[in-house]
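These notes concern the structure reproduced below.
Whatever order the structure lists them in is the order used to number ligands and atoms, beginning at 1.
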Amino acid sequence: MDVSTALLLTLAVVYSTIVYILTRQRRFPSFPGPIGYPIIGTILPQENTYVKMMEYSKQYGPVYALRVLSTRVLSAARELLEVRSGIYSNRLAPKMIEMIGLDDGIIFQPQPSRLREGRKLLASGLQPRELEAFRPVIQAAVVRFLSLLLKEPKDFLSHLHRSRTRLPTAVSLEIAYGYTAASGKDDPFATRMKSFVKGFDKAAAVSVNEGFAVNWLPFLSYLPSWLPGLTFKRVARTWKKELLDTLREGFDRVKDEVARGVAKPSVLSCALEDGSSGYTEDVMLKSLPELFTGENLMSRLFTTSIQLMTYGGIAGGSETSISAMSTFFLAMTLNSEVQFRAQEELDRVIGSGRLPTYGDRDGLPYVMAVMTEVLRWHTPLPCVYRTSTKDDVYEGCFVAKGSTLLVNLWAMFHDEARFTEPGKFKPERWLGGCKPSDERDVDPLELAFGFGRRVCPGKYMAQELLFNVIASTLAVFNIRKAKDDNGNEITPSVIYSNGSMPYVALRSKLVDSAEKLDGIYHPHSAPLPFQCEVVPRSQQAVSLVDDAWN
Ligand code: HEM
């Protein structure tokens, strides 16, 4: 550890001690939970933190509390986020995001009326009925993915990850701005948006070895900028201009197209054309880009709110849809019988003369069950979290303002009382709707996307995209275990990067090793790179993709 990191860590411990002492509360009994070390609190494991937290809930009960430095964490039931949403709907903005002025979109929006307006704007393109207009866009993005799979089947993970081919980004650009990114690398607007997301992402990072110290030592923002080492203030000023200029470019381009009567239908063009929509320019400017940043950022935010200062923080965003798609490829590699059953259903219902579409979903219950099980087996965001905005009393115990509330989705989806063999990938459990417990509260199609006022606005788009990828890939390809040089099958291990949970160290070792393996940034809760063979099922299947692509 170098001197500056050590100094920052020391500062963080001192800061946490002061905050802890100042905010200590004794009025109400505390929740049960691990006691942890003095000052530092509980040390959470670096990997699979949500599994450890599930163990705590078995030990201490469904509601328990722990402390990480000065941050109180309450592992609670979803009802609390829904019923007391007035107190538990906020997320803490990282200081750098605040300084750049990017806390004014949706993700960090503290004002209920402004949040409602921004979410309404996104919903105008992302609700099921509105999405229908964009169905061809989603289908085209999926066909592009299939044609890449035909050309370079070994690179299936790269096709999902790399920004040029990343499905959700391509679709979001169309829905938000009516913008079709050129398939080459140098599409100017897509590149600018990409750097915007990257800048946003970096500004929100909370690791000791990545991002800005002011995010985990917020008091630094009050020190004068002439002090040595406080370059972040200058960076914030420069980025504020650069990032807002990018947003302005997207906005002005569509505004100009609308004025000339040549705008393609998009959320922004509709809002601008519809004089009665009443959105302020600021809401349109800052809320729309959160289609990109929201998908990317959710995991970072947990760490921000939990303020894992001395321990470091998460390495990156979540890219939730990509995580689910990678899980699908892993599940198919490991469960050939599931794959054959889904393909049998596709052949019977759709035949081999066309690709399946989202409109076919009601006739494909087993394929739907595969998708549901993907979202349960390794749910992309294992925890949903919020920061409380007021002191509160819950079940007779005190919840201090600023506490982090956490709902462990992983624990709900792996609850042995509800699911037989929760660690196994078994789509059958979902046949006939939300089984096995008949309790809607564990339906991954709902639960994996969060709750109440903050429920994921991209939920329907994500489901449509995921369904299309799953159904079309299974219709066209067989996914099999790869073979080594001696012809032996390679069974991939089921190892996931930590995703939306804190790393109790610097950057996760798993993330580092994943990057070394194939050079792709793997910051989210997704399987580490693995091999499989992706082989077309027939010449007719190849022609289907070629024809659709051409
Ligand atoms: C499988 C894919 C996805 C999963 C599992 C997922 C899950 C989630 C979850 C759990 C949350 C937090 C909700 C809460 O706090 O209660 C969230 C928030 C969010 N998601 Fe998604 N998401 C996915 C895809 C997407 C897509 C495709 C987009 C964009 C089109 C998107 C945009 C957002 C945004 C903007 C937020 C923040 C909403 C707010 O704070 O009000 N997500 N997502």
Selection residues 324-334 - residue pairs positive for salt bridge (Lys or Arg N to Asp or Glu O under 4.0 Å), sequence neighbours left out: none

Polar atom proximity, Phe451 to ligand 1 (N or O, under 3.5 Å): yes

Nearest-option assignment for atom 16 (O) of ligand 1, heavy atoms, candidates Lys459, Glu82, Arg386: Arg386

Salt-bridge criterion met for Glu98 and Lys95 (N-O under 4.0 Å): yes

Which residues share a salt bridge (charged side-chain N to carboxylate O under 4.0 Å, His left out) with Glu273, sequence neighbours left out: none

Short N or O distance, Arg454 and ligand 1, threshold 3.5 Å exclusive: yes

Numbering as shown, the atoms of ligand 1 that approach Arg91 to under 4.0 Å (heavy-atom distance): 12 (C), 13 (C), 14 (C), 15 (O), 39 (C), 40 (O)

Side-chain touch Thr357/Asp360, heavy atoms, less than 4.5 angstrom: yes

Subset of ligand 1 atoms that lie under 4.0 Å from at least one heavy atom of Val384: 10 (C), 14 (C), 15 (O), 16 (O)

Any donor-acceptor pair under 3.5 Å from Glu345 side chain to Val367 backbone: yes

Centroid-centroid distance, Trp377 to His414, less than 6.0 Å: no

Nearest-option assignment for atom 10 (C) of ligand 1, heavy atoms, candidates Ala448, Pro380, Cys456, Gly452: Ala448

Interfacing atoms of ligand 1 (cut-off 4.0 Å, heavy-atom, Ile106): 39 (C), 41 (O)

Which of the ligand 1 atoms, numbered from 1, are nearer than 4.0 Å to a heavy atom of Ser321: 1 (C), 2 (C), 24 (C), 27 (C)

Pair Phe156 and Phe530, ring centroids less than 6.0 Å apart: yes

Sub-4.0 Å atoms of ligand 1 with respect to non-hydrogen atoms of Ile107: 40 (O)

Side chain, backbone, both or neither: the part of Arg119 lying under 4.0 Å from ligand 1 by heavy atom: side chain

Lys/Arg N to Asp/Glu carboxylate O, Glu132 vs Arg129, below 4.0 Å: no

Where ligand 1 meets Glu290 - atom numbers and elements under 4.0 angstrom, heavy-atom basis: 35 (C)

